[in-house]
Each structure stands twice: as structure tokens, then as C-alpha cells.
Amino acid sequence: MTLFKKILIANRGEIALRVIRACRELDIPTVAVYSEADKDSLHVRLADEAICIGPASSSQSYLKIPAIISAAEITDSEAIHPGYGFLSENPHFVEACTASRITFIGPSAENIRTGGDKSRARQLMKRKGIPVVPGSDGPVRDEEEALKNAKKIGFPVILKASAGGGGRGMRIVQEEKDLSSLYHMAQKEAFAAFGNGDMYIEKYIAEMRHIEVQILADNKGGMVHLGERDCSIQRRHQKLIEEAPYFLATAKFRKKVGEAAIKAAKAMRYRNAGTIEFILDKDEQIYFMEVNTRIQVEHPVTEMITGIDIIKEQIKIAAGGTLPFKQNEIKFSGHSMECRINAEDPEKFIPSSGRITLFIPPGGQGVRVDTAAYSGWVVPAHYDSLIAKLIVRGKDRAEAVVKMKRALKDFIVEGIKTTIPFHLKILDNPDFISGNFNTHFLEKVG
Ligand code: MV4
């Protein structure tokens with residue numbers, strides 16, 4: 001029995017390869033779609049079939065719903081895996097798939113709508129008894145209501161866009177006199193970015209860690225969590241290093257955050273793979289922050305310590321399967337860390353596209369490299385600058401750090417600039433090594 005006759009991958013780069021590899025191990029034929037800028041990309045070569053869907057610009061290729069649905073219909077694909085980014089969190093795309101009787105490998109359109117409306121998701125969780133940071137009940141109507149809420153919560157507060165993402169439409173307000181101007185700035189930015197100016201307010205937690213929990217849910221009522229990840233090392237709302245488990249987590253903490261995540265996912269009747277994000281404050285309190293309704297870039301660190309192939313589970317769930325394990329059968333072993341290698345100038349953090357003249361990824365025990373790059377490949381300027389994910393696993397965090405440093409030093413990338421030197425700098429920082437950091441770590445390290 002095959003799960004699907006054929007799967008189309010509506011993405012590019014390393015995540016397209018990741019999905020193609022899972023399909024191959026499941027004996028499912030694959031279809032790659034690509035833009036004109038990606039004709040020499042590895043996903044085109046590794047898939048069983050490939051279809052060009054348009055010019056380089058994302059809006060005319062990887063984001064173009066009719067082009068992708070047509071490609072699926074022409075190739076007789078039964079299902080589409082969206083990867084991350086692009087159409088992965090677009091409820092209209094899910095509905096377009098359904099209308100064409102194609103299975104979308106991911107959550108329901110309703111799940112995506114709930115996750116995409118951050119203020120509504122927050123209200124839902126609050127109503128269901130999941131801890132949320134003190135804040136407004138839903139969006140605030142105007143500046144006046146924002147001020148009323150801020151006074152009640154107490155400064156500092158953080159203004160967030162309901163449709164937010166990537167830090168856009170977000171402002172920290174330290175004191176009352178700044179609220180008016182920052183409110184209008186944030187709203188303007190939110191409207192420009194999302195076409196929606198709805199704003200909500202939360203108490204600002206200055207010293208927080210970003211902890212998230214991986215969820216898997218089948219369509220038969222089965223749901224498990226695969227433990228937590230610490231994604232606190234970020235810069236400009238882009239994660240740089242992720243690890244699993246959270247270094248300082250006790251068994252009691254894992255149970256608490258895992259159960260909160262399950263409760264949150266059940267509250268929204270979640271399906272397939274998803275992530276519940278939490279704020280962890282310095283008093284070890286957790287607060288629901290957001291839900292990510294897609295497979296995430298950092299999913300491999302969870303795979304490395306659980307032995308579970310999350311992409312294969314996504315495909316099996318979408319095909320109507322039940323989860324093959326119960327919560328108490330999921331075992332966590334060792335420590336995993338991921339460094340995102342971007343084609344960027346690490347000093348200025350601006351993209352560095354062009355030809356990779358030499359690309360020799362590291363190997364060895366406990367080292368995994370998820371990449372679609374190769375020697376001679378030209379990094380297109382049109383897309384995300386992530387060119388490789390370097391993932392390691394050690395018996396504990398100290399061993400993972402040693403392995404990561406070794407692997408970073410082994411990694412040869414010539415012709416473009418990458419974030420490898422920046423990662424090496426972080427891995428030499430005493431506060432990083434001791435686990436003494438929060439989301440503002442990189443503002444201090446520089
Ligand atoms: C917060 C916060 C502190 N308190 N919420 C939300 C989206 C994510 N990208 C950043 N988010 C944050 N939400 C409350 N109630 C801190 C962050 C945050 C952050 C805020 C401003 C500047 C940099 C930041 C880096 C990580 C997290």
C-alpha cells in the first residue's frame with residue numbers, strides 16, 4: 001500500500017529536498033515545481049518529475065496558487081507538501097487544494113486562520129485556561145483604548161499586530177508619553193505589511209526565553225508532543241541557533257510545557273504538525289505566545305533527540321493514518337543543536353548572493369547537514385538566504401557544542417559570505433556555553 005500515488009512539493013531549497021527524501025523512503029513518487037531562477041536547483045534534479053511554474057519572482061511562481069494547482073493536476077499528484085514560508089500558512093491555498101481534490105499535507109484552513117490571527121489565538125487560549133501574558137482582551141479599538149489597557153497592565157508594554165510576524169508592527173513602549181506615537185507607527189507598519197491594522201497589547205517581558213513545543217496530531221483524535229526547543233538565539237526576529245531540549249528543563253518542566261502545548265492544540269482542534277510557542281520568564285513561568293501552523297525550519301533538532309521523522313509523520317497523518325506512538329512511548333535522548341547558515345555578510349547581515357565556487361559540508365558521527373547547495377551553484381537573490389542547516393547531536397549539551405564547533409570549522413564555503421564565522425563567535429561566548437542567555441543575547445554580543 002502506498003500512502004499517496006504522488007506528492008507535489010510546493011517549495012524549493014533544503015526543505016524541498018527534505019520532503020523529497022521522506023517521500024522516497026516512503027516509496028512515494030515526487031513532483032518538484034521551480035521558478036526560472038531555480039532551473040539548476042537540486043530539488044529539480046532529485047524529484048521524479050519537475051515543472052517550471054513561472055519567473056524568478058516568488059509572487060509569480062512559488063506563491064502563485066493557480067500555477068501550483070495546475071502543476072499538481074497535470075502530473076496527477078494526489079497531495080501537496082507546502083514546506084515552510086510561501087503558501088504554507090495560506091488558508092486560501094488549503095481551500096484551493098481541497099476544491100481540486102488534492103490533499104494539503106498540513107493543518108486545516110481553520111487552524112491556519114486561528115494561528116494567523118494572533119490576538120484571537122491569545123483570547124482562545126486565555127478562555128481555555130492556558131496562561132497568557134497580562135494584556136488586552138482581543139484587539140484594541142483605538143489609541144485611547146490602548147492607553148487604558150497599558151495603564152491597567154503597567155508599563156513597559158508591547159504593542160503587537162494581530163496579523164503580525166517577523167517583528168513587523170511590533171513596538172515596546174517603556175512609558176506613557178511614548179504610547180501615542182508608537183501606537184500609530186506600529187499600526188501603520190502592520191497595515192502596510194499585512195493589510196490589517198488590528199493591534200493588541202501585552203505586558204512586556206524583558207528577560208524571556210523563546211521556548212516552543214512540537215505537536216503531532218492525527219485526524220482520529222491522537223495527539224502527542226515531541227518535547228520543547230529553545231529558540232532564544234535570534235537576531236532581528238530571525239532565529240540563528242535552536243536546540244532541543246531546553247538546556248535547563250527538568251522532567252517536571254517538560255511535562256508542564258508539554259501539557260500546556262497539548263491543551264492549546266486541543267483548544268483549536270489542531271491537525272498534523274504544528275508548534276506552540278511560549279514565553280519563559282526568569283521566574284520559570286510559561287505564557288502562550290503564538291502557534292505556528294507549519295513545519296518549521298528547526299524541526300530537525302527534535303528529530304535528532306526523538307528519532308521521529310516529522311515529515312514522514314505529516315505525510316502518514318494526511319493520508320488518514322493514526323499516530324504510531326503514544327506520549328509515554330516517546331523517548332528523549334541526548335542534546336541537539338542547529339546553526340542556520342545563511343548566505344550573508346555576517347558583519348552587516350546583508351544577503352550575499354552569487355556563485356558558490358566550493359562547497360564541502362562537514363560529516364562524521366552525529367552531524368547532519370540539510371542543504372540544497374553544491375559547488376558551482378549560484379545562490380539566487382530572489383529568495384531566503386538560508387543555504388544550509390548544520391545540525392548536531394551529542395550525548396549532552398557540552399558534547400553537542402564541541403561537535404558543532406568542529407563541524408563549523410570543517411565546513412568549506414567559498415565564493416560567497418556566510419554566517420559560519422558568526423556562529424563560531426557565539427559558540428565561544430561563555431554565557432552561551434553556560435546557558436545563561438535570553439532573546440536579547442545577540443544585541444549584547446553584536
Ligand atoms: C514579546 C516579548 C516580550 N514580552 N511579548 C513576539 C514575536 C517575536 N518575533 C518577538 N516577540 C516578542 N514578544 C511579550 N509580552 C519579546 C519578544 C521578542 C522581542 C521583542 C522586541 C525585540 C526583540 C525581540 C526578540 C525576541 C523576542
Side-chain angles (χ1 to χ4, degrees), residues 84-85 89 115-123 125-126 130-140 146 149-175 178-179 182-183 185-187 189-190 193-194 196 198-213 228-243 246 260 264 275-294 296-298 340 349 384 426 431-432 436-446:
Y84 50 70
E89 295 177 280
D117 185 340
K118 291 167 176 40
S119 163
R120 195 176 75 175
R122 180 189 137 84
Q123 276 312 100
M125 300 313 166
K126 189 176 172 185
I130 296 143
V132 296
V133 180
S136 59
D137 283 320
V140 291
N149 272 279
K151 279 180 163 166
K152 197 171 84 188
I153 305 160
F155 287 89
V157 296
I158 184 165
L159 302 168
K160 295 184 177 184
S162 293
R168 279 179 302 183
M170 207 169 88
R171 287 292 185 284
I172 300 160
V173 189
Q174 295 292 351
E175 46 186 337
D178 300 328
L179 187 112
L182 290 171
Y183 176 82
M185 251 192 253
Q187 187 173 48
E189 197 174 293
F194 317 113
N196 176 337
D198 286 357
M199 302 297 301
Y200 66 106
I201 299 189
E202 286 180 348
K203 175 86 190 162
Y204 178 64
I205 311 288
E207 286 181 47
M208 62 162 270
R209 287 176 98 117
H210 173 128
I211 302 292
E212 58 182 37
V213 178
E228 78 288 347
R229 297 186 280 258
D230 182 345
C231 306
S232 301
I233 304 295
Q234 39 183 289
R235 178 163 165 163
R236 295 181 193 156
H237 304 287
Q238 289 279 94
K239 294 166 186 166
L240 277 177
I241 302 180
E242 302 99 337
E243 38 187 312
Y246 160 44
T275 301
I276 314 293
E277 294 184 347
F278 294 94
I279 289 174
L280 175 64
D281 72 10
K282 57 183 193 307
D283 305 319
E284 290 275 287
Q285 294 301 306
I286 53 163
Y287 304 96
F288 169 85
M289 182 158 56
E290 289 177 18
V291 47
N292 288 143
T293 57
R294 60 172 188 279
Q296 284 184 284
V297 173
E298 61 270 29
R340 296 191 187 190
F349 269 73
D384 192 279
I426 297 171
D431 287 333
F432 178 79
N436 173 33
F437 56 81
N438 59 41
T439 49
H440 301 289
F441 176 75
L442 293 183
E443 292 160 27
K444 290 164 203 133
V445 175

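For the single chain, residues carry numbers from 1 onward in sequence order. For ligands, and for the atoms within them, numbers begin at 1 and follow the listed sequence.
- A donor-acceptor pair shorter than 3.5 Å can be found between the side chains of Gln296 and Arg229.
- In terms of the salt bridge (charged side-chain N to carboxylate O under 4.0 Å, His left out) criterion, residue partners of Asp137 (sequence neighbours excluded) are, by chain and number, Lys126.
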Quick check for students: name every N or O atom pair between ligand 1 and the protein closer than 3.5 Å, with distances.
unit_1   : atom_1 : unit_2 : atom_2 : d
ligand 1 : 4 (N)  : Ile205 : N      : 2.9
ligand 1 : 5 (N)  : Lys160 : NZ     : 2.9
ligand 1 : 9 (N)  : His237 : ND1    : 3.0
ligand 1 : 13 (N) : Lys160 : NZ     : 3.1
ligand 1 : 15 (N) : Glu202 : OE1    : 2.8
ligand 1 : 15 (N) : Lys203 : O      : 2.8

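- Salt bridge Arg122/Glu290: absent, no basic N to carboxylate O contact under 4.0 Å.
- Of the possible donor and acceptor atoms, one in the side chain of Lys203 sits under 3.5 Å from a partner among the backbone N and O of Gly154.
- Judged by distance alone, the side chain of Thr293 and the main-chain N or O of Gly115 form no donor-acceptor pair under 3.5 Å.
- The aromatic rings of Phe278 and Phe288 stand perpendicular to each other, their planes meeting at an angle above 60°, with 30° marking the opposite boundary.
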